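First up is the structure itself, then whatever we jot down about it.
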Amino acid sequence: MTAGRLPAYWRNVMTVLGGALGAQALPLLAAPLITRLCTPADVGAFSVWLGMVAVAAIGATLRLEAAMILDHDRASQRTCFSVVAYSAGITAVLTTLGAALARLLGLPFAAQLSWPALLTLGVATFMTAYMQTTLAYATSHNAFGKAARARVWSAGGIAAAQVGLLALGMGGVALVAGQLVGLAVGLLAAMLLLAPPQAWPGWLPDPGQRAYLRRHDKFWRFSLPSNLLNVIVSQLPLLMIGARHGAMAAGLFALTQRVLGAPIALLASSVLEVFKRQSVHDFQTQGNCRDAYRYTFKALVLLGIGPSLVLLLFSPELFAFAFGDNWREAGELAQILAPLYFLNFIASPLSYVFFVAGKQKVDLLWQVALFVMTVSVFLAPGSLRQSVLWYAIGYSLLYLVYLRMSYRCSQNRMVAA
């Protein structure tokens with residue numbers, strides 16, 4: 001990356017970071033109140049619901065929101081919105097029906113959730129998928145500031161609604177209701193601020209939509225299953241811990257994930273939004289994005305090393321102070337997972353290079369290996385701490401391989417896949 005591009009690069013990063021700071025600070029500020037107004041079991045059940053929404057939303061977009069960065073003309077982007085709306089609508093209906101059927105059949109994961117939570121899975125899925133697509137539209141037009149404000153509105157709505165409803169004595173269902181309120185507020189703000197193209201999806205895909213799907217088939221053929229596996233793997237530990245060790249253990253692990261994931265959502269995602277544009281530009285003009293990759297890698301290491309060391313050394317005390325003594329064990333889990341999340345912080349933004357280089361199949365194969373490792377670790381006998389430790393070791397080793405592969409992609413040196 002040349003010196004002339006550095007100021008613009010970092011101006012964009014700081015714009016996205018400012019919005020991400022507000023979007024992440026509000027839930028973190030609300031977390032000490034939430035953990036004192038509900039039980040670890042309530043947090044565990046809500047986290048299971050939120051994980052199901054996250055998985056369904058990835059499928060709902062078909063990962064076509066990532067293609068928005070490549071197609072800048074309004075007609076193509078309108079088609080993308082219509083395809084996502086069509087896919088998200090079908091996914092929302094099927095998710096809701098599937099959740100209701102699972103509850104009627106008495107399946108364990110559905111029995112952990114209330115009927116209001118199960119019946120709102122589809123609505124949350126649709127809003128999440130459409131929000132992701134709208135934010136990708138903002139990135140494609142360098143509208144980082146407006147996207148940042150939309151994120152803040154969403155995060156603020158979630159935090160305020162959850163705390164308010166918990167204070168009114170609604171119990172665990174307040175977490176789900178607050179999430180829905182915040183999603184609606186954020187999506188409305190994004191629509192008003194960004195004015196994305198609107199298109200009726202139709203009852204069946206039209207020729208233009210089918211042509212769009214064919215043109216970007218690598219996203220739904222390779223990126224979609226890869227990202228589905230990634231999200232499923234991220235939720236598997238929580239689900240398997242809940243099944244083996246109970247809802248309270250799941251709640252402790254859920255808070256650990258949330259706190260450790262905050263720097264990734266705050267800093268790494270901010271860098272990612274800018275790296276997307278820069279890597280695409282460099283690949284189109286130079287045939288590689290090696291310089292952008294190196295610069296971003298160094299920046300991520302410098303940004304992530306400090307918070308990771310603090311979590312590694314002081315997590316139990318920090319968790320007990322911030323969230324109450326009932327959550328000290330979550331801090332002990334955070335100590336084990338801190339090195340893994342440091343590698344995650346670095347690797348997550350740089351993974352976009354697989355899309356830019358057209359090597360989504362390589363990413364998919366790595367995700368399959370990660371899935372097999374995760375299932376194997378949590379099916380093996382052992383205590384909660386032992387399972388989390390082996391999970392952290394295996395995942396960290398795979399991340400080292402992942403970083404090596406992504407760097408080769410940035411140089412355009414990967415064997416055709």
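If you're wondering where the values come from, they're calculated on a predicted model, not measured in any experiment.
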Measuring from [X]:[atom1] to [Y]:[atom2], what's the distance to the nearest 0.5 Å?
| X | Y | atom1 | atom2 | result |
| --- | --- | --- | --- | --- |
| Ile305 | Leu302 | CD1 | CG | 9.0 Å |
| Asp206 | Arg210 | CG | CZ | 7.0 Å |
| Arg408 | Gln411 | CZ | CD | 7.0 Å |
| Ser396 | Leu343 | OG | CG | 5.0 Å |
| Asn288 | Cys409 | CG | SG | 12.0 Å |
| Phe323 | Leu33 | CZ | CG | 11.0 Å |

For Met240 and Leu379, run side chain to side chain contact (heavy atoms under 4.5 Å, CB included): C-alpha distance rounded to whole Å, both residues' side-chain angles, the deciding distance at 0.1 Å, then the answer.
CA-CA 8 Å; Met240 298 183 78; Leu379 284 179; 3.5 Å; yes
Out of the candidates Arg214, Arg215, Arg221, only one should pair with Asp217 under the salt bridge (charged side-chain N to carboxylate O under 4.0 Å, His left out) rule; please name it.
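With Asp217 as partner, Arg214, Arg215, Arg221 yield a single salt bridge (charged side-chain N to carboxylate O under 4.0 Å, His left out), made by Arg221.
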Using side-chain heavy atoms (C-beta onward) and a distance below 4.5 Å, is [X] in contact with [Y]?
| X | Y | answer |
| --- | --- | --- |
| Val43 | Thr39 | no |
| Val353 | Cys289 | yes |
| Gln335 | Phe319 | no |
| Met191 | Gln198 | yes |
| Leu187 | Trp153 | no |
| Trp115 | Arg103 | yes |
| Tyr352 | Ser279 | yes |
| Pro237 | Thr374 | yes |

Heavy-atom pair with the smallest gap, counting every atom of [X] and [Y]:
| X | Y | result |
| --- | --- | --- |
| Gln257 | Tyr341 | CG-OH, 3.6 Å |
| Trp220 | His216 | CD1-O, 3.5 Å |
| Leu113 | Ala45 | CD2-O, 3.3 Å |
| Leu183 | Ala124 | CD1-O, 4.1 Å |
| Gly178 | Leu165 | N-CD1, 4.0 Å |
| Leu193 | Arg149 | CD1-CB, 3.9 Å |

Donor-acceptor under 3.5 Å ([X] side chain, [Y] main chain):
| X | Y | answer |
| --- | --- | --- |
| Thr61 | Ile58 | yes |
| Ser406 | Leu403 | yes |
| Thr128 | Thr125 | no |
| Arg63 | Lys218 | no |
| Arg258 | Ala254 | no |
| Ser154 | Gly182 | yes |
| Gln162 | Leu175 | yes |

Could you walk me through whether Tyr293 and Asp282 pass the side chain to side chain contact (heavy atoms under 4.5 Å, CB included) test, one step at a time?
CA-CA 10 Å; Tyr293 185 100; Asp282 286 359; over 6 Å; no
Which of these passes side chain to side chain contact (heavy atoms under 4.5 Å, CB included) with Leu121: Leu97, Thr95, Val176?
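Of all the options given, the one that passes is Thr95.
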State which residue, out of Thr79, Leu224, Leu213, fulfils the side chain to side chain contact (heavy atoms under 4.5 Å, CB included) condition with Leu64.
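Going through Thr79, Leu224, Leu213 one by one, the side chain to side chain contact (heavy atoms under 4.5 Å, CB included) with Leu64 is satisfied by Leu213 alone.
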Using 30° and 60° as the class limits, which term best fits the ring planes of [X] and [Y]: parallel, tilted or perpendicular?
| X | Y | answer |
| --- | --- | --- |
| Tyr399 | Tyr402 | perpendicular |
| Phe81 | Tyr130 | tilted |
| Tyr391 | Tyr395 | perpendicular |

Please confirm whether the ring centroid of Phe297 lies under 6.0 Å from the ring centroid of Tyr407.
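Not close enough - the centres of the two rings lie 6.0 Å or further apart.
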Among pairs that include at least one residue of residues 158-170, which meet salt bridge (Lys or Arg N to Asp or Glu O under 4.0 Å), considering only residues two or more places apart or in two chains?
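Applying salt bridge (Lys or Arg N to Asp or Glu O under 4.0 Å) to every pair that reaches into residues 158-170, excluding sequence neighbours, yields nothing.
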Could you check Gln179 against Phe46 for side chain to side chain contact (heavy atoms under 4.5 Å, CB included), going step by step and ending with a plain yes or no?
CA-CA 10 Å; Gln179 184 75 20; Phe46 169 69; 3.7 Å; yes
Side chains of Ser76 and Asp73, donor plus acceptor under 3.5 Å:
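Yes, a side-chain donor-acceptor pair sits under 3.5 Å.
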We want to know whether Tyr212 and Ser82 form a side-chain donor-acceptor pair, criterion being a heavy-atom distance below 3.5 angstrom.
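Note: Tyr212 and Ser82 side chains miss the donor-acceptor criterion.
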Heavy-atom neighbours of Met170 CE exceed 12 at 6.0 Å
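Atom CE in Met170 is packed in, count exceeds 12.
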For Leu62 and Val84: C-alpha separation, side-chain torsions, deciding distance, then whether side chain to side chain contact (heavy atoms under 4.5 Å, CB included) applies.
CA-CA 7 Å; Leu62 300 177; Val84 170; over 6 Å; no
